[in-house]
Amino acid sequence: MDEKFNKPYDPKTTEENIYSIWQESGFFNPDNLPPRHQKPFTIVMPPPNANGNLHTGHALFITLEDIMTRFKRMNGFKALWIPGADHAGFETQIVYEKKLEKEGRSRFKMDPQDLYKEIYDFTIENKTNMENQVRRLGASCDWSREKFTLDPGVIKNVQKTFAKMYEDGLTYRGNRMVNWCTKHQTSLSEVETETQEKVDKLYYIKYGPVTVATVRPETIFGDVAVAVNPNDDRYKHLINTEISVTTPIGEMLLKVIGDESVETDFGTGALKITPAHDKNDFEMALRHNLPSVEIINQYGKLNEKTGKYAGLKINIARDEVVKDLELMGLLEKTEEYTHPVPTCYKCGTTIEPRQLPQWYVKMKPLAEMALKAVQEKKVVFYPDNYRKIFNYWMEHTTDWNISRQIVWGIPIPAKICNACEHGFPDLEDAITKCPKCNGDVRKDTDTFDTWFSSGQWPLIVTGHPDSDDFKKHYPTDIMETGYDLIFKWIPRMVIFGLYLAKIVPFHTVYLHGLVNDAKGKKMSKSKGNVINPLDMTALYGTDALRMALVVANPPGSDTSLSEPKIKGYKNFANKIWNITRFVLSNTEGIFLDESLITNTADKNLLTELNTLTKDITSDLNEHRYHLSSEKIYHYAWHRFADEILEESKNVISGENAEDKLSRQHTLIFILKRIITVLHPFMPFVTEEIWKDIPANKTGLLMIEEWPEK
RNA sequence: GCGCGAUUAGCUCAGUUGGUAGAGCAACUCAUUUACACUGAGAAGGUCGGGAGUUCAAAUCUCUCAUCGCGCACCA
């Protein structure tokens, strides 16, 4: 028996050593696998953001995807797990802006190219750090195929898709209301805003002959009409007339319009219309052919059209306007009012709707394709209830704004005419005149929404359309990611896969939940309950962390992680270590020969073991990782160690030589099986022990055949 | 408002197609040069949120109520 078993298991030295053995073997790359590996199995790694350290959510997905990959590899598949790194446009820019803020600098005072270069260097540095952490967690992914979302080839492909969609009439330039964050100075898509319940005041303001209710009295200077319901007897007679309205900066003439969308029982039933600063009002103005008057600028300050209020921020202007209205006797009453307000998902700033020309993706035809694919079960969800959520979202799409006013991203390869504002793609950056009016054109300075590029990720990393990898590994098998990406990412990948490759990018979606703290509360820096996965790995070993993350953690629901739980699995790693020690020290000089297992009791033990193996195999095939991990844990500790080993002590010290020999072979057999089945979950300790198992082995445990019993 | 999920031992959670309730941690009693104290043995702890229904049989299926959580949402 090797001397190493005389000391407790030491994850630290073992893990580094084992990972480099794996890497040197070349088996992370499926092209190097032995001939028995034929049928491809492919997972695309959700590329972690290259802007910081991994968190427990990353540790969870790495664990799950590594289990999937290792299981399939052992089952003889040409298993490929493609890693990546995400430049994470908006997210990284925010991280970097915070850094700039600390240094007393601002992105708005920098040359965009300098800023881009700085963020690039920052990201590349963090990317290396991130990759090393992924290795630390045992990921058996093929680093030779790794892609970064800002690789030149990726940029080129994404830009080509944009041009193709333009040709196909699926992208267009629209001058519509956008979700504007006044802090970050960019527009945001629907999924990048978060609706928050806010308590505001609802002001009832005398508006000529009517009274209107509004939470935004500061926008009255941008009003172009008053709307009422055409069936509202109180106001019917005013429709299509002009009314004179008194404001703190003078009189205004406003048209009264009738629109079905006005609720008669909310407020006074009369609604002021501010098309430039409210989505509803904008839509209504379109219906009634009303002008739009912008009175708030991109920084959230009132402009010169508001007279004495010019230059004031929205909230201050609101107070001032209310004060003045009250002095003028125009404020009828004020009510407390709770309502949902869209905010920036990153900084919580209230979204200021603005009318801006931007690029949009026409979602309806694309969503229909995706919906159909899911209905036909071309894509299945684990757990299944997320299919309903996916469908709901696909049935309620709005056109997708893909323009972002940030530098950190893939440039939109488009030109815009200075004369007629016509926008069109220009991949070569060669067109200087507008094809419509022959006017001078300017380059679009915007970048793509990150999800526009990451939506194409499965295609990009497999080398769509003509690489060997694309032919072999697309469509991929499983997309494993967090349920929070059910809107942001999954639908976009399905859409781009169907649109560009005419086939879904994956047939299975496995969604994991959040990793919460020991009390089931969400981890957050402000609560101080964040568990850093790399700290846990250093303290208890990666295998222990992986078990703590996967046992009893079914798909689609949140799990809670605590240090004692991880520690418990460290103890388990050591238990396995000592089981091995016991077996090896009681079987000196024996090399496993199954035919020598002759005793009936021993044969029964093998039957029991085979039943368990079968059960675990079917759990793994059906994505029940939370059950399979627990079953092998339970068997190893509470059946094999507590019962079978204890009983074996008598057999081995007993008189009957045949019984003894049969039992010795049985112990090695069971140990070998436990180590094999446990490998996807706890790859390090099992690979280390594997070296010392006295039995026929093909080589590394990571490519050992999965027991088909 | 609409939708989804949850409610099981003191805490955190499993429980696949219905077949007399499980794990980890905590707490209790005992064992002590043992493969392993990163240990073992034992005991304790639950009318599975309430109610109704289907069934030979329900934590599991149906309905309903309650509470909590999450997601979505353009009545100013």
Side-chain angles (χ1 to χ4, degrees), chain A residues 1 5-6 8-9 177 190-191 193-195 197 200 202-205 212-217 219 226-227 229 261-274 278-284 337 339-342 353 383 385-386 388-389 391-393 396 398 483-484 486-487 513-514 516-522 540-541 544 547-548 551-554 556-586 615 618-619 622-624 626-631 633-634 637-638 641-643 645-646 648-649:
Chain A
M1 187 184 66
F5 290 108
N6 292 328
Y9 174 59
M177 293 306 267
E190 302 306 315
V191 294
T193 66
E194 212 163 76
T195 321
E197 290 273 308
D200 278 315
L202 185 63
Y203 302 97
Y204 286 73
I205 298 166
V212 294
T214 180
V215 289
R216 301 199 61 184
T219 63
V226 168
N229 192 295
S261 73
V262 180
E263 302 280 333
T264 53
D265 53 359
F266 186 89
T268 61
L271 170 64
K272 69 187 219 46
I273 301 301
T274 325
D278 185 280
K279 277 192 184 179
N280 253 335
D281 295 4
F282 180 80
E283 297 297 323
M284 216 184 287
Y337 177 53
H339 64 147
V341 177
N385 63 299
Y386 280 89
K388 286 186 244 170
I389 297 172
N391 285 346
Y392 179 85
W393 196 74
H396 297 84
T398 54
Y483 64 60
D484 51 326
I486 187 73
F487 301 131
L514 301 176
N516 292 326
D517 74 1
K519 292 272 168 213
K521 300 283 178 227
K522 196 170 172 174
Y540 306 111
M547 283 297 274
V551 172
N553 180 10
S557 57
D558 298 345
T559 187
S560 58
L561 181 68
S562 65
E563 217 173 311
K565 190 173 176 187
I566 303 168
K567 199 180 167 193
Y569 290 109
K570 180 197 156 90
N571 295 352
F572 178 56
N574 193 54
K575 190 75 186 179
I576 295 293
W577 192 251
N578 279 296
I579 284 171
T580 309
R581 183 184 182 196
F582 177 87
V583 172
L584 295 183
S585 64
N586 283 287
D615 191 23
S618 91
D619 280 343
E622 298 298 319
H623 309 298
R624 293 187 291 262
H626 63 300
L627 293 182
S628 45
S629 48
E630 189 167 8
K631 280 174 189 168
Y633 167 88
H634 194 264
W637 196 322
H638 299 298
D642 289 350
E643 294 170 1
L645 289 191
E646 288 305 320
S648 299
K649 288 175 184 171

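All heavy atoms count here, side chains included; hydrogens, waters and symmetry mates do not. Only a predicted model underlies this, so the values are computations on that prediction, with no experimental measurement involved.
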Remember a base hit wins even if backbone is also touched, and classify [X] as base, sugar-phosphate or nothing at under 4.0 Å, heavy atoms.
X	result
A:His638	sugar-phosphate
A:Lys649	base
A:Ile273	nothing
A:Lys631	base
A:Ala548	nothing
A:Leu584	nothing

Taking only the side-chain nitrogens and oxygens of [X], find out if one of them lies under 4.0 Å from OP1 or OP2 of [N].
X	N	result
A:Lys279	B:A73	no
A:Lys567	B:C38	no
A:His626	B:A23	no
A:Thr268	B:A76	no
A:Arg624	B:U16	no

Worksheet item: At what distance, to the nearest 0.5 angstrom, does NZ of A:Lys575 lie from OG1 of A:Thr580?
Response: 11.5 Å
Worksheet item: What nucleotide among B:C36, B:U16, B:G40 has an atom nearest to a side-chain atom of A:Asp642?
Response: B:G40
Worksheet item: Out of B:U39, B:C4, B:C11, which nucleotide sits closest to the side chain of A:Trp637?
Response: B:U39
Discussion item. Could you check whether atom NZ of A:Lys279 has more than 12 heavy atoms from other residues, nucleotides or ligands sitting under 6.0 Å from it?
Written reply: yes
Worksheet item: Do any N or O atoms from the side chain of A:Asp278 and from the backbone of A:Thr274 form a donor-acceptor pair under 3.5 angstrom?
Response: no
Worksheet entry | Audit row: A:Tyr483, A:Leu514, side-chain contact (heavy atoms from CB on, under 4.5 Å) steps and yes/no | CA-CA 8 Å; A:Tyr483 64 60; A:Leu514 301 176; 3.5 Å; yes
Discussion item. Using Watson-Crick or G-U wobble geometry with both distances under 3.5 Å, which nucleotide pairs with B:A31?
Written reply: B:U39
Worksheet item: For B:C4, which nucleotide is its Watson-Crick or G-U wobble mate, given both distances must be under 3.5 Å?
Response: B:G69
Discussion item. Quiz question: going by heavy-atom distance under 3.5 Å, is there a donor-acceptor pair between the base of B:A35 and the side chain of A:Glu646?
Written reply: yes
